[in-house]
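Please read all numbers here as calculations on a predicted model, not as lab measurements. Throughout, protein chains are lettered first and strands after them, A, B, ... in sequence-line order, and every chain is numbered starting at 1.
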There are 2 protein chains.
Amino acid sequence: MPAGHPLLSKLARTLVLSEAEAEAVRAIPVESVAFKADQMISREGDKHSRSCLVMEGVACTSKVVAGGKRQIMALHIRGDGPDLHTLLLKHLDSDIWAVSDCRLAFMTHKDLRTLNREHPRLGEDLWRTTLVEGAIYREWMVNVGQRQADSRMAHLCCEILLRSEEAGLGQDGTCPFPVTQADLSEMTAMSPVHVNRTLQALREQGLISFGKGRLTIHNWPALVTLADFRADYLHLPTAKAA
Amino acid sequence: MPAGHPLLSKLARTLVLSEAEAEAVRAIPVESVAFKADQMISREGDKHSRSCLVMEGVACTSKVVAGGKRQIMALHIRGDGPDLHTLLLKHLDSDIWAVSDCRLAFMTHKDLRTLNREHPRLGEDLWRTTLVEGAIYREWMVNVGQRQADSRMAHLCCEILLRSEEAGLGQDGTCPFPVTQADLSEMTAMSPVHVNRTLQALREQGLISFGKGRLTIHNWPALVTLADFRADYLHLPTAKAA
DNA sequence: CGAGGGCACTAATCTATGTGAGTAACACCC
DNA sequence: GGGTGTTACTCACATAGATTAGTGCCCTCG
């Protein structure tokens with residue numbers, strides 16, 4: 001995250017802050033913590049007194065089922081709040097992991113509640129953020145439940161690029177995407193082998209390249225068509241449509 | 001919904017309201033509208049100036065993908081707010097349908113915003129509601145992505161019973177569940193044929209009965225085990241554990 | 001600079017679940 | 001009270017994708 005308070009950068013994406021509001025945000029102390037790839041950040045059942053914002057790298061929310069299989073339900077990039085909901089929900093119902101090396105900014109619930117009380121407009125934007133997350137969950141469910149492997153993977157790529165651009169991380173059809181094929185398999189609910197086949201198919205069609213922690217989309221319109229992608233569910237302020 | 005203001009009954013599930021709070025809620029005008037089974041309630045892209053609460057029957061949130069296949073992402077029973085998020089999100093990103101005949105209570109965003117402003121504690125509970133919904137989306141994603149057909153169906157049954165009990169609709173292992181097998185197939189992302197096979201297997205094992213708009217669970221512990229069901233994600237105030 | 005560990009990738013085989021094409025049992029309606 | 005629509009249910013067969021068991025390429029670290 002560029003210099004400045006991480007929460008400030010996040011809010012400034014959708015809001016124009018008054019000086020008083022900006023000051024209130026800057027007053028919130030932040031502890032920045034680094035995590036290595038595949039390190040657990042929080043565990044299901046944890047009771048939190050702080051929430052965090054992703055500053056660098058990629059984190060995820062996941063769950064493991066009885067048989068040991070794991071589903072990644074959400075990917076968190078710069079500006080996302082993986083556990084904002086613990087502000088109001090007593091315990092965490094999923095695990096949170098670092099997917100790549102990453103750095104998180106922790107703020108206390110107490111401070112966030114005070115902000116919410118004294119600057120309801122900002123609290124509302126935080127609430128809005130959690131609602132957009134919900135919209136993304138819905139779309140991922142559609143993806144996992146109904147789309148074929150190639151569309152499914154294509155859809156994920158479209159989303160990642162748009163969200164990265166929104167976070168100021170990507171442009172011109174390319175963005176950082178430091179995840180392994182095994183990670184992709186847990187996001188898309190396919191086997192790692194099939195992820196590999198599918199990526200190759202997309203590559204051979206000249207739609208994307210993926211590797212070395214980076215995703216590049218070569219033919220956005222074709223990918224969007226294959227993916228059956230409509231960006232409305234991301235509720236982006238900047239309406240990059242086609 | 002029993003007599004009284006629908007929003008009042010909903011909030012009273014988790015909160016003890018002061019007389020002033022209760023009065024503020026009762027002051028909100030409600031329009032009650034009936035829908036027939038399979039009638040669309042709202043369409044993707046709609047811009048709302050009102051939100052609703054389910055009073056009777058079952059509604060769902062769903063999306064249709066390019067090939068025409070449909071995923072039901074959420075089921076809404078008495079007390080649920082299928083489109084509460086339109087309070088802060090400009091447009092709807094999914095369709096909302098009546099699954100069975102149902103009755104909804106509509107309130108204007110204006111009134112809800114006023115309530116939120118003047119009684120932040122109540123607004124917070126509404127926010128909390130949307131966060132629980134998010135937790136349910138996460139669990140459904142795990143269900144659709146990782147669990148086998150029988151566990152998947154079992155998990156859905158466990159959730160429905162617990163949520164129905166919480167809504168005051170079911171008890172002693174039985175609750176109304178007015179959905180068809182085709183509906184179930186769209187919730188679980190399996191084919192209708194396979195839903196039928198799976199239900200029969202669960203019946204033969206003496207775990208559940210389902211039919212005539214009603215679900216009965218005969219062996220809760222066994223079903224919970226098969227389903228790999230842990231209720232924590234529902235964030236119920238009454239902690240019915242095992 | 002050589003060894004070990006990830007990770008991408010491949011190939012052969014298997015299986016859970018989908019598909020298509022029906023029949024049977026009701027419920028509603030004219 | 002027979003026609004029509006809806007839902008449950010069956011069977012035979014097809015297939016997308018899982019599984020298992022690898023190989024080989026880097027990168028890193030000692």
Any heavy-atom pair between the side chains of [Y] and [X] that's under 4.5 Å?
X: E31(A); Y: C52(A); answer: no
X: L223(A); Y: F229(A); answer: no
X: I136(A); Y: L234(A); answer: yes
X: E44(B); Y: L92(B); answer: no
X: M73(A); Y: S94(A); answer: yes

message = Between H155(B) and N143(B) (side chain of the first, backbone of the second, donor and acceptor by atom type, cut-off under 3.5 Å), is there such a pair?
response =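 Flag not set: sc H155(B) to bb N143(B) has no pair under 3.5 Å.
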Fill in: Sugar-phosphate, base or nothing in reach of R203(A), heavy atoms under 4.0 Å
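Sugar-phosphate contact only.
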- Sorted by first residue and then second, give each salt bridge (charged side-chain N to carboxylate O under 4.0 Å, His left out) pair with at least one member in residues 144-164 of chain A; sequence neighbours left out.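 Those involving residues 144-164 of chain A are D80(A)-R163(A), E139(A)-R147(A), R147(A)-D228(A), E159(A)-R163(A).
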ask   = Residues in salt bridge (Lys or Arg N to Asp or Glu O under 4.0 Å) with K212(A), at least two apart?
value =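 K212(A) satisfies salt bridge (Lys or Arg N to Asp or Glu O under 4.0 Å) with no residue once adjacent residues are dropped.
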(message) Whether K36(A) and D101(A) form a salt bridge (side-chain N of Lys/Arg under 4.0 Å from carboxylate O of Asp/Glu) is what I want to check.
(response)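 Looking at K36(A) together with D101(A), the answer is yes, because their closest N to O distance falls below 4.0 Å.
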Per the side chain to side chain donor-acceptor pair (under 3.5 Å) rule, which among K63(B), Q71(B), R70(B) passes with Q146(A)?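 So the option named by the test is Q71(B).
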What is the minimum heavy-atom distance between L202(B) and M153(B), and which atoms define it?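 What the structure gives for the nearest pair is CD1-CG, 3.7 Å.
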**Message:** At a heavy-atom distance below 4.0 Å, what parts of residues 182-191 of chain B sit against DNA chain C?
**Reply:**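 Per residue number, the list reads A189(B), M190(B), S191(B).
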With each end axis built from five pairs of C1' atoms, what bend angle do you get for the helix from dC1(C)-dG30(D) to dC30(C)-dG1(D)? Round to 10°.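 Inter-axis angle at the termini of the helix from dC1(C)-dG30(D) to dC30(C)-dG1(D): 40°.
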Subject >> Positional range of nucleotides in DNA chain D within the contact set of chain A, heavy-atom, under 4.0 Å >> reply: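 Counting from the 5' end, contacts occupy dG17(D) to dC27(D).
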Note to self: Run the side chain to side chain contact (heavy atoms under 4.5 Å, CB included) test on L161(A) and E165(A) for me, step by step, so that the C-alpha distance in whole Å, both residues' side-chain angles and the decisive distance to 0.1 Å come before the verdict.
What the structure shows: CA-CA 6 Å; L161(A) 183 70; E165(A) 288 184 345; 4.0 Å; yes
| query | What residues form a ring-ring contact (aromatic ring centres under 6.0 Å, His included) with H194(A), not counting sequence neighbours? | reply |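 With neighbours one apart ignored, the set is empty.
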Among residues 59-75 of chain A, which ones have heavy-atom contacts with DNA chain D below 4.0 Å?
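The answer is none.
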Item to complete: Return the set of residues passing side chain to side chain contact (heavy atoms under 4.5 Å, CB included) with D38(A) (not counting sequence neighbours), or none when no residue passes.
Response: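 So D38(A) forms no side chain to side chain contact (heavy atoms under 4.5 Å, CB included) with any residue.
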For nucleotides 10-16 of chain C, which of its nitrogen or oxygen atoms have a protein nitrogen or oxygen under 3.5 Å away, and what is each distance?
residue : atom : partner : partner atom : Å
dT10(C) : OP2  : Q200(A) : OE1          : 2.8
dT10(C) : OP2  : Q200(A) : NE2          : 2.3

**Atom CZ of R203(B) with >12 non-hydrogen neighbours under 6.0 angstrom** =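 More than 12 within 6.0 Å, yes.
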When the side chains of residues 170-181 of chain B are checked against the rest of the protein, which donor-acceptor pairs come out under 3.5 Å, sequence neighbours left out?
residue : atom : partner : partner atom : Å
T174(B) : OG1  : R214(B) : NH1          : 2.7
T174(B) : OG1  : L215(B) : O            : 3.3
T174(B) : OG1  : T216(B) : OG1          : 3.3
T180(B) : OG1  : A182(B) : N            : 3.3
T180(B) : OG1  : D183(B) : N            : 3.1
T180(B) : OG1  : D183(B) : OD2          : 3.1
Q181(B) : OE1  : N196(B) : ND2          : 2.9

Toward the 5' end of DNA chain D, by each residue's nearest nucleotide, D150(A) or D38(B):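 Its nearest nucleotide being more 5', the pick is D38(B).
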Protein-nucleotides 25-30 of chain C N/O pairs closer than 3.5 Å?
residue : atom : partner : partner atom : Å
dA27(C) : OP1  : K212(B) : NZ           : 3.0

Item to complete: Sequence neighbours left out, what pairs pass ring-ring contact (aromatic ring centres under 6.0 Å, His included) with at least one residue falling in residues 31-77 of chain A?
Response: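 Passing the test, one end in residues 31-77 of chain A: no pairs.
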